[in-house]
Enquirer: 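Here you go, one structure.
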Amino acid sequence: MHKTTLEQWALLEKVTELGSFARAAEETHRSQSSVSYNLSVLQERLGVALLVPEGRRAVLTPAGELLLNQVKPLLKAFSYVETRAATLRSGMRTRLDLVVDSIFPRRRLFAILRQFQSRYPQTQVRLTEVLENARMDAASSEADVMVLTRRQDITGLGEWLMNIDFVAVAHRDHPLFSLDTPLNDDLLHRWPLIQIADSAASGQAAGESWTFSTIDAAIEAVMYQVGYGWLPEERIQSQLDQGILRVLPLSHGIRRATPLHLIVKRTLVPMDEQVETLLSLFNQPPETSPATL
């Protein structure tokens, strides 16, 4: 058996937080003598002085500060367990599976997840990012909510959410910019087209194409002048602003839009509160979303 209890450590934390036994007793709805007794027992069993008086306040000794800092994660974890139990008792879901196409704007995605977490801290979100149009039947079969390029998935039917703009770009020092003329397929044919695997936005390659399995890898390939490519404009906005990447002067169609759809699992009818909240956050206009922060 352990010599000390979580209750004793919690009281120690409360005393140091509020600065006195009296305030800690009031905060924890017990008598001051009860607080004093529990902390005396705690120090006696440890054989270490944890508190010393400093004026009217009770402050931690160096040993007390060291030990309490080690115990704090345990107190937090125990509090989480109790809250999780209350969540289970109320019937509220404890996990939500989300599949998002990797072309969805990252800043907006994490802003949505941050808002969701603040409202439902006990609901774990399991996020799976998938590559546009890639095979992901296993992931989607487990997902409650999906953001995908296709409108209809094997598990649900969705609605249009937003368009993702792809732009044709190359490094500012790429030879294509020295041609000083609108670029057509014949001119582009001389250099490799950097493609994201299974990306519909890249279209048909004018000549040789190099395929990369992630958006980040495709961006880096273009940055290192391996070739030119159609890349999500939002993901390369900083490189465009800095002038490292430049939009190619194509003779036609420098921008292509790829739609994303919000899909809900068919079996989630009626939808629970957390799913409805998540859908609402995804449908929230970007202008009013903290994604722009």
Side-chain angles (χ1 to χ4, degrees), residues 1-100 106-107 109-129 139 142-145 268 272-278 280-281 290 293:
M1 295 292 292
H2 299 293
K3 295 181 179 180
T4 64
T5 67
L6 286 174
E7 180 183 14
Q8 292 168 341
W9 287 105
L11 286 173
L12 177 65
E13 181 181 41
K14 190 61 67 176
V15 167
T16 58
E17 177 188 324
L18 299 176
S20 74
F21 286 76
R23 293 182 62 189
E26 182 180 355
E27 183 79 11
T28 57
H29 307 289
R30 64 179 66 211
S31 67
Q32 184 173 337
S33 60
S34 172
V35 174
S36 179
Y37 172 76
N38 273 281
L39 294 186
S40 294
V41 171
L42 175 62
Q43 294 177 94
E44 181 183 336
R45 290 180 176 176
L46 290 174
V48 176
L50 303 176
L51 289 168
V52 292
E54 188 176 277
R56 295 185 176 181
R57 293 179 60 85
V59 298
L60 289 169
T61 64
E65 184 175 2
L66 174 65
L67 293 173
L68 182 58
N69 284 338
Q70 291 182 322
V71 171
K72 280 181 178 179
L74 299 177
L75 294 173
K76 186 176 181 180
F78 192 73
S79 176
Y80 178 85
V81 168
E82 290 187 333
T83 305
R84 176 60 66 92
T87 300
L88 291 171
R89 187 171 62 249
S90 67
M92 187 172 289
R93 72 159 64 227
T94 58
R95 193 180 87 180
L96 194 154
D97 291 299
L98 173 65
V99 168
V100 178
R106 287 275 180 84
R107 287 169 62 87
L109 173 62
F110 292 128
I112 289 170
L113 295 180
R114 185 173 67 246
Q115 280 189 292
F116 183 86
Q117 193 277 333
S118 68
R119 299 187 192 185
Y120 304 101
Q122 303 308 319
T123 300
Q124 174 191 1
V125 175
R126 188 174 70 173
L127 171 66
T128 301
E129 277 195 309
E142 298 293 330
D144 300 304
V145 177
L268 293 182
D272 56 64
E273 179 182 331
Q274 291 101 313
V275 170
E276 288 186 342
T277 298
L278 187 62
S280 174
L281 291 173
L293 298 179

Enquirer: Is there a donor-acceptor pair closer than 3.5 Å between any side-chain N or O of Thr28 and the backbone N or O of Ala24?
Expert: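 Side chain of Thr28 to backbone of Ala24: a pair is present.
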
Enquirer: Quick check against the 3.5 Å criterion: does Asp144 have a side-chain atom that pairs as donor or acceptor with the backbone of Asp97?
Expert: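 Confirmed, Asp144 side chain pairs with Asp97 backbone.
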
Enquirer: Name every donor-acceptor pair, under 3.5 Å, that has one atom in a side chain of residues 68-75 and the other anywhere in the protein, sequence neighbours excluded.
Expert:
residue : atom : partner : partner atom : Å
Asn69   : ND2  : Glu65   : O            : 3.2

Enquirer: Please lay out, stage by stage, how Gln8 and Lys3 fare under the test side-chain contact (heavy atoms from CB on, under 4.5 Å).
Expert: CA-CA 11 Å; Gln8 292 168 341; Lys3 295 181 179 180; over 6 Å; no

Enquirer: Please round to the nearest 0.5 Å and tell me the distance separating atom CZ of Arg30 and atom CG of Asn38.
Expert: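 Output value for this atom pair is 6.0 Å.
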
Enquirer: Quick check for you: to the nearest 0.5 Å, what is the distance between Leu12 atom CG and Leu67 atom CG?
Expert: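 Going from CG on Leu12 over to CG on Leu67, the span is 9.0 Å.
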
Enquirer: Can you give me the closest heavy-atom contact between Val99 and Ala143, atom names plus distance?
Expert: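 Smallest interatomic distance, heavy atoms only, reads CG2-CB, 3.5 Å.
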
Enquirer: For a 4.5 angstrom cut-off between non-hydrogen side-chain atoms, does Leu278 reach Val125?
Expert: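 No - every pair of side-chain heavy atoms lies 4.5 Å or more apart.
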
Enquirer: Please confirm whether the backbone N or O of Leu39 pairs with a side-chain atom of Gln43, one donor and one acceptor, at under 3.5 Å?
Expert: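 Yes: the side chain of Gln43 pairs with the backbone of Leu39.
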
Enquirer: Is there a side-chain contact (heavy atoms from CB on, under 4.5 Å) between Lys14 and Val35? Walk through the geometry before answering.
Expert: CA-CA 10 Å; Lys14 190 61 67 176; Val35 174; over 6 Å; no

Enquirer: State the CG-OG1 distance between Asp272 and Thr277, to the nearest 0.5 angstrom.
Expert: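 Rounded to the nearest 0.5 Å, the CG-OG1 separation comes to 8.5 Å.
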
Enquirer: Under the side chain to side chain donor-acceptor pair (under 3.5 Å) rule, collect the residues that match up with Glu273, sequence neighbours excluded.
Expert: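 If we apply the side chain to side chain donor-acceptor pair (under 3.5 Å) test to Glu273, skipping adjacent residues, the hits are Tyr120.
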
Enquirer: Hey, are the side chains of Leu66 and Leu60 touching, using non-hydrogen atoms and a 4.5 Å cut-off?
Expert: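 No, every pair of side-chain atoms sits at 4.5 Å or beyond.
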
Enquirer: Could you go through Phe21 and Leu51, starting from their C-alpha distance and side-chain angles, then the distance that decides it, and tell me whether this counts as side-chain contact (heavy atoms from CB on, under 4.5 Å)?
Expert: CA-CA 11 Å; Phe21 286 76; Leu51 289 168; 4.0 Å; yes

Enquirer: Is there a salt bridge (charged side-chain N to carboxylate O under 4.0 Å, His left out) between Glu13 and Lys76? Walk through the geometry before answering.
Expert: CA-CA 11 Å; Glu13 181 181 41; Lys76 186 176 181 180; over 6 Å; no

Enquirer: Just so I know, are the side chains of Leu18 and Glu26 near enough to count as touching, which here means a heavy-atom distance under 4.5 Å?
Expert: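 They are not in side-chain contact.
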
Enquirer: Grab the two heavy atoms, one from Ala49 and one from Ala63, that are nearest each other, plus how far apart they are.
Expert: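 The pair with the smallest heavy-atom distance is O-CB, 4.3 Å.
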
